2 protein chains.
Amino acid sequence: MTAPVRGRRRGRPDTRAAILEAARARFAEAGFTGTTIRAVAGDAGVDPALVHHYFGAKDDLFVAALELPVDPRAVLAEQVVGPVEGAGERLLRALIGVWDDPAVRPALLAMVRRLMEPGGDALFRGGFLPVVLVPLGEALGVDAPERRMQLVASQVIGVIVLRYVVRADAIVAMDADALVAAYAPVLDGFLAGPL
Amino acid sequence: MTAPVRGRRRGRPDTRAAILEAARARFAEAGFTGTTIRAVAGDAGVDPALVHHYFGAKDDLFVAALELPVDPRAVLAEQVVGPVEGAGERLLRALIGVWDDPAVRPALLAMVRRLMEPGGDALFRGGFLPVVLVPLGEALGVDAPERRMQLVASQVIGVIVLRYVVRADAIVAMDADALVAAYAPVLDGFLAGPL
DNA sequence: GACCGAATTCATCATGTGTTGAATAATGCG
DNA sequence: CGCATTATTCAACACATGATGAATTCGGTC
């Protein structure tokens, strides 16, 4: 049995990546304040000090863990932008594609959890809304993008919470087509219906 | 009965109530783990030990703060149950009525925040779903109440998050009629539309 | 083989947490 | 008044947390 070995490890294990992965999982599961550096270090099989060595403070770890393998704006520009007709379905399919990718979901979950913690409103108003939602609305060419995209968000976030945070079985059980059938009409209504 | 109790009676101003109110506000704002007993005591202008004196551990404080001035099932039974036609509007108006009551909102917010924290899925599956959602669906006489009510919940929770947690301005600005106009058709579709 | 830098751990600090028990002040009853 | 009872605070404990700096070990380079 290996006694606790001090000093550098043999071979070239990518410890940094292990820490990042553990941090993503923890942040996704427990949010920012609910995640402890010691727990992350434990999951990665590593001393807490090493976490600080690679990423500085806890805040820095968080933004590092948030670095998405995907740029949401690129995904939206490629898969969603286009005519308003069918925009709801395209949005849903892009959303599901990204969220069901296990490499990306933890980071997204962490962001959603952060949205609910104190200061989350600022994150929404200062980040999510102007950076993602409104530009998307404008790219789709809808009128009153602020209002309509907030309506859209109110449905999308509900789906995300029930499917990925709270894991309500009926919503989890739906595949992409079922989700589109249920929600695309709603989103289309928010995008193009009467206000 | 009990012998005549001698001695000091109750706090001068009702300190107990002050603590409860402070606790409700903090739990609503920051969730369970994000709320510290010292902060509650500080808000109530009181020593932390007094909080323990009145309510025992932090868990007990939380359940005491959660005690709603309203029984959600009673509200639903009175204002929502009825024919499926118009159920969406009735549900929305009841919801808004309860959530916009400043005496109740903090406790509700605290519950929603708890739903997002670790273990929130259990709270949903073991509490909210079987105690509130499914009975309501059955009382409305819809088919497949589990599925339909989870769809309803996915929209309702989205509205709650955007309006009360994240306070998205466009959603906050809507009055009851505007909310009904926007969301009642969606809910009716989930309750009675095709699956 | 010597040496430098990177990887890793250890011991430790300062702080904030929930909680406890004793101590003091106020109140009401006989 | 004096006593019982409650309200309230003080001081402190035990623990977890984020963070730091020194120490140790390894990998690669001259």
Side-chain angles (χ1 to χ4, degrees), chain A residues 1-24 26-27 29-66 110 113-114 117-119, chain B residues 1-24 26-27 29-66 110 113-114 117-119:
Chain A
M1 48 188 304
T2 59
V5 177
R6 197 161 162 170
R8 183 167 187 163
R9 286 182 184 174
R10 223 172 284 248
R12 243 157 297 177
D14 198 349
T15 322
R16 195 192 142 99
I19 294 176
L20 247 192
E21 192 181 351
R24 284 214 180 89
R26 282 281 178 180
F27 282 132
E29 194 66 27
F32 179 79
T33 50
T35 293
T36 124
I37 292 213
R38 284 172 161 84
V40 171
D43 289 355
V46 139
D47 190 276
L50 195 58
V51 178
H52 281 96
H53 173 62
Y54 280 122
F55 321 84
K58 192 183 177 185
D59 295 345
D60 305 328
L61 212 213
F62 187 71
V63 315
L66 274 197
R113 282 234 152 81
R114 190 84 180 81
E117 294 183 12
Chain B
M1 295 289 290
T2 57
V5 276
R6 309 188 299 189
R8 182 170 186 167
R9 278 305 131 93
R10 60 173 174 324
R12 272 223 284 271
D14 198 346
T15 324
R16 197 193 141 97
I19 295 176
L20 247 193
E21 191 181 352
R24 284 216 180 86
R26 283 282 177 178
F27 282 133
E29 193 66 28
F32 179 78
T33 51
T35 293
T36 126
I37 292 214
R38 284 174 160 86
V40 171
D43 290 355
V46 136
D47 189 276
L50 196 58
V51 178
H52 281 91
H53 174 61
Y54 279 122
F55 319 85
K58 192 184 177 185
D59 295 346
D60 305 329
L61 212 212
F62 187 70
V63 315
L66 272 199
R113 282 234 151 83
R114 191 84 180 81
E117 294 183 12

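Please read these numbers as outputs of a predicted model, since none were measured by experiment. Protein chains get the first letters and strands the later ones, always in sequence-line order, with residue 1 at the start of each.
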*Asks:* Could you walk me through whether B:H52 and B:I37 pass the side chain to side chain contact (heavy atoms under 4.5 Å, CB included) test, one step at a time?
*Replies:* CA-CA 9 Å; B:H52 281 91; B:I37 292 214; 3.6 Å; yes
*Asks:* How close or far is atom P of D:dT6 from atom CZ of B:R16, stated in whole angstroms?
*Replies:*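 In whole Å, D:dT6 P lies 14 Å from B:R16 CZ.
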*Asks:* Between D:dA7 atom C1' and B:I19 atom CD1, what is the distance in whole Å?
*Replies:*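 Interatomic distance, CD1 of B:I19 to C1' of D:dA7: 10 Å.
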*Asks:* Phosphate oxygens OP1/OP2 of D:dG18: is one of them under 4.0 Å from a side-chain N or O of A:T36?
*Replies:*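 Checking A:T36 against D:dG18: at least one side-chain N or O falls below 4.0 Å of OP1 or OP2.
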*Asks:* Determine whether a donor-acceptor pair (N or O, by modelled atom type, separation under 3.5 Å) exists between the side chain of B:D43 and the backbone of B:V40.
*Replies:*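 Not confirmed, B:D43 side chain does not pair with B:V40 backbone.
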*Asks:* State, to 0.1 Å, how close B:R113 and B:E29 come at their nearest heavy-atom pair, and which atoms those are.
*Replies:*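 Minimum heavy-atom separation between B:R113 and B:E29: NH1-O, 2.9 Å.
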*Asks:* Does any N or O in the side chain of A:R38 come within less than 3.5 Å of the main-chain N or O of A:P48, such that one atom is a donor and the other an acceptor?
*Replies:*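 Looks like no, no N/O pair under 3.5 Å.
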*Asks:* Using 30° and 60° as the class limits, which term best fits the ring planes of A:F32 and A:F27: parallel, tilted or perpendicular?
*Replies:*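 Parallel: the ring planes of A:F32 and A:F27 meet at under 30°.
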*Asks:* Say you draw a straight line from OH of B:Y54 to OG1 of B:T15; how long is it, rounded to the nearest 0.5 Å?
*Replies:*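 So the gap between those two atoms works out to 5.0 Å.
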*Asks:* Specify the residues of residues 39-46 of chain B, ordered by number, for which at least one heavy atom lies under 4.0 angstrom from an atom of DNA chain D.
*Replies:*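 Listed by number, they are B:V46.
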*Asks:* Categorize A:T33 for me: base, sugar-phosphate, or nothing, with a 4.0 angstrom heavy-atom threshold over every strand shown.
*Replies:*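 Answer is nothing: A:T33 stays at 4.0 Å or more from every strand.
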*Asks:* Hey, what do you get for OG1 (B:T33) to CZ (B:R114), rounding to the nearest 0.5 Å?
*Replies:*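 Going from the OG1 atom of B:T33 to the CZ atom of B:R114 covers 7.5 Å.
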*Asks:* Has the side chain of B:R38 got a donor or acceptor atom sitting under 3.5 Å from an opposite partner on the base of C:dG16?
*Replies:*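 Answer no: no donor N or O sits under 3.5 Å from an acceptor.
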*Asks:* In residues 48-61 of chain A, which residues come under 4.0 Å of DNA chain C by heavy atom?
*Replies:*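 Contacts with DNA chain C under 4.0 Å: A:A49, A:L50, A:H53, A:Y54.
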*Asks:* Do any side-chain nitrogens or oxygens of A:T15 fall under 4.0 Å of OP1 or OP2 in C:dA7?
*Replies:*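 A:T15 to C:dA7 OP1/OP2: no side-chain N or O under 4.0 Å.
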*Asks:* Return the NZ to OG1 distance between A:K58 and A:T35, rounded to the nearest 0.5 Å.
*Replies:*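 One gets 6.0 Å once the value is rounded to the nearest 0.5 Å.
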